[in-house]
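Note: hydrogens, waters and symmetry copies are ignored here, and every other heavy atom, side chains too, is used. Each ligand, and each atom within it, is numbered from 1 in the order the structure gives.
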Amino acid sequence: MNSTTRRKFLAALAGAGAAGLSGLSGWRNPAFAAADSAGRFTNRLRLPGASGLYAPVAAKDVKQITVSELDFEVLPRLSSPFWAYVTDIGGRRLLNPTLLARPGDQIKLRMVNRLKQPTVIHWHGLTNDERNDGIGMYQVEPGKSFDYAFTVRDRAANYWYHPHPHDIAGEQAYKGLAGLLIVKDDDEEKLARALDLVLGATDIPLVIQDRSFNFEGKLEYKLSREQMFMGFLGEEILVNLTARPYFDAARRIYRFRILNGSNARSYRLAFAQGNRLLDFHLIGSDGGLLEQPQKVRETFIGAAQRLDVLLDLREASGSEPVFLKSLDFDPMHNESVDEKTGKPPAVAAQGGADPHAAHAAPGAIADGTEMPLLQINVKSSPEYKREIPPQLSRLPSLAAAAGEPRRLTLGHDGKGKWNINGWRFNMHETPVTVQRGTRETWLLQNNRASMPHPIHIHGFQFRVIERRDSPAQVKALATRQNGLLPQDFGLLDTVLVWPGESVRIALDFSHPFSGDQTYMFHCHNLEHEDTGMMIGYKVKA
Ligand code: C2O
Ligand code: CU
Ligand code: CU
């Protein structure tokens, strides 16, 4: 390592002229946010648009997306190789544009692959036929292109798009490929009017991702065998690709559209001012608005999930900053406990090591660590007299199917490979077949000797109808209705299933596509997906 680049790197992390070298050690200290918050979050949060990054654009105006390798200053003034979805429009170059659409819009665009490896764009959460879903079967070789053409058939919601090639989705997403696709409808517009919300100003997408850097400040994706098994954990948490970001706000209501775009990390999100947690309202999940806002104080978010929240900064007192943070939690890396007793194996029990330290690569922030993610400075107090409407939207009803559920058990083979019902991904097999137009109940059961798995189903949004045997830290947040969490009141395409937990979900396999369609369901811990925790399933016409 070279000391000049190291110094530059650390200075960039701390922001211009801030804490510098000595600042870094305090960062790892969980007490950090409460004890010392001034001067550390010195990088202005990147908002969609300003620099071209995440710039909003009508999806139907986008004719081409070029999957490109370029240079980008992820850390201030330090350029890093970065992979992006690039679109040139109206004389501007946009990176990972925020695609805007309304239900019924036609999206027609050509993807050009300028990477040195195959890729494919998956439209996460949208109802598409298999060709337009964007999966490994349709991946595109370097230099080649692929034409997508589909209609937006889904509810207004925060969807997203990201790579889905065989075995290397994790690397590609990590290197930068991910963008939002925001679908709006009349309910959305009503809410925006009621609360005077403007996308990019008071209605703000927040993409949370953890990353590691080498000493030149370049993004680094290196996995040990253990990380291949557990999933990648980085040493910095970025929000909208901003390390240690701050955001200047007014004393009013903000909407945050939060995407956990991390490869493998879950967060326990809360807004804190000093030691006080602020209430906030959960208004939407993967599949769009809930019917009613849910007042909460904290919520888990697994990889690939979206949470839509309203934060009323009129509830913040004084001028002390508010932090979006991840609270301390048990990451439940329980893959070696005894399946019957739930007790740790003898060896681990003797060691008495800090469970949070388990599996963290050197320098990585251990899973479950308490940490601030975004500093919000309350700068002004404008005249603002709006209140959150009690009714946001209507959800399509999705009655549970009669009969036995289809059981899917999440576990591993003891040799470092995760599986579902003992199956691992094989491109040529679809171990599950469902009939188009039928309803099914699926029972996702995670073994005790396991870790949390964010399970994602392509092709159909679903409803959670029951959670059983949730670990205490999850049960503590549950509502009185069947152990459901507040976000379970919405439509989901990804559900976080904890060790020992059983989650019952209702699916309706109705869609307008004729002919058999093949989709995937998989763990959205991208290293788990890449190493085979993914199953193809067929919807028979
Ligand atoms: Cu967001 Cu199959 O993935
Ligand atoms: Cu998906
Ligand atoms: Cu997993």
Side-chain angles (χ1 to χ4, degrees), residues 119-130 132-139 150 154 157-170 172-174 177-181 207 209 227-233 259-266 286-287 302-306 331-335 359 367 408-413 416-420 423-425 427 444-447 449-462 491-499 501 503 517-537:
T119 194
V120 60
I121 300 178
H122 169 55
W123 307 96
H124 181 122
L126 290 185
T127 300
N128 271 325
D129 59 328
E130 63 171 46
N132 283 293
D133 187 42
I135 44 176
M137 290 190 304
Y138 294 93
Q139 67 188 28
F150 58 86
D154 297 274
N158 303 315
Y159 303 101
W160 64 301
Y161 59 101
H162 64 77
H164 219 291
H166 285 308
D167 303 342
I168 47 176
Q172 293 190 1
Y174 181 87
L177 295 167
L180 290 163
L181 191 160
V207 181
Q209 297 166 312
Q227 277 192 307
M228 250 355 240
F229 183 51
M230 295 302 152
F232 172 88
L233 294 175
L259 160 67
N260 181 356
S262 307
N263 279 34
R265 190 185 289 276
S266 300
D286 302 340
Q305 292 188 304
R306 284 85 70 211
M332 301 194 74
H333 287 218
N334 293 352
E335 57 288 335
H359 317 300
D367 208 2
L408 297 164
T409 303
L410 317 175
H412 64 92
D413 61 3
K417 301 280 188 208
W418 294 101
N419 61 45
I420 300 176
W423 306 314
R424 299 189 356 93
F425 186 63
M427 208 200 322
L444 308 171
Q445 286 182 303
N446 198 352
N447 284 343
S450 191
M451 59 179 279
H453 297 288
I455 299 299
H456 169 50
I457 302 176
H458 286 215
F460 302 88
Q461 296 274 335
F462 55 82
L491 289 177
L492 297 184
D493 54 52
T494 307
V495 62
L496 187 59
V497 188
W498 293 81
E501 196 179 30
V503 179
Q517 305 291 330
T518 295
Y519 298 107
M520 306 290 144
F521 59 88
H522 60 90
C523 180
H524 219 290
N525 175 318
L526 293 178
E527 287 71 35
H528 292 186
E529 173 187 338
D530 282 343
T531 52
M533 197 179 189
M534 171 154 80
I535 301 300
Y537 77 99

State whether His164 contributes an N/O/S atom found under 2.8 Å from the Cu ion (ligand 2). no
Examine all N, O or S atoms of His524, backbone included, and report whether one is under 2.8 Å from the Cu ion (ligand 2). no
Checking Tyr159, Tyr138, Phe150 against Trp123 for ring pair (Phe, Tyr, Trp, His ring centres under 6.0 Å), the one that qualifies is Phe150
query = How are the rings of Trp418 and Phe229 set relative to one another: parallel (under 30°), tilted (30 to 60°) or perpendicular (over 60°)?
reply = parallel
Check your understanding: Relative to each other, are the rings of Tyr519 and Tyr537 parallel, tilted or perpendicular (30° and 60° limits)?
Key -> tilted
Per residue His456, nearest N, O or S atom to the Cu ion (ligand 2) is named NE2
(request) Answer yes if the ring centres of His528 and His522 are under 6.0 angstrom apart, and no otherwise. (result) no
For this session: Answer with yes or no after comparing the ring centroid distance for Trp160 and His456 against a 6.0 Å cut-off, counting only values under it.
Result: no
Under a plain distance cut-off of 3.5 Å, with no hydrogens placed, do Gln461 and Asp286 share a side-chain donor-acceptor pair? no
Would you mind reporting whether Gln445 and Thr409 have side-chain heavy atoms less than 4.5 Å apart? yes
Listing protein N, O or S under 2.8 Å around atom 2 (Cu) of ligand 1 gives His164 NE2, His458 NE2, His522 NE2
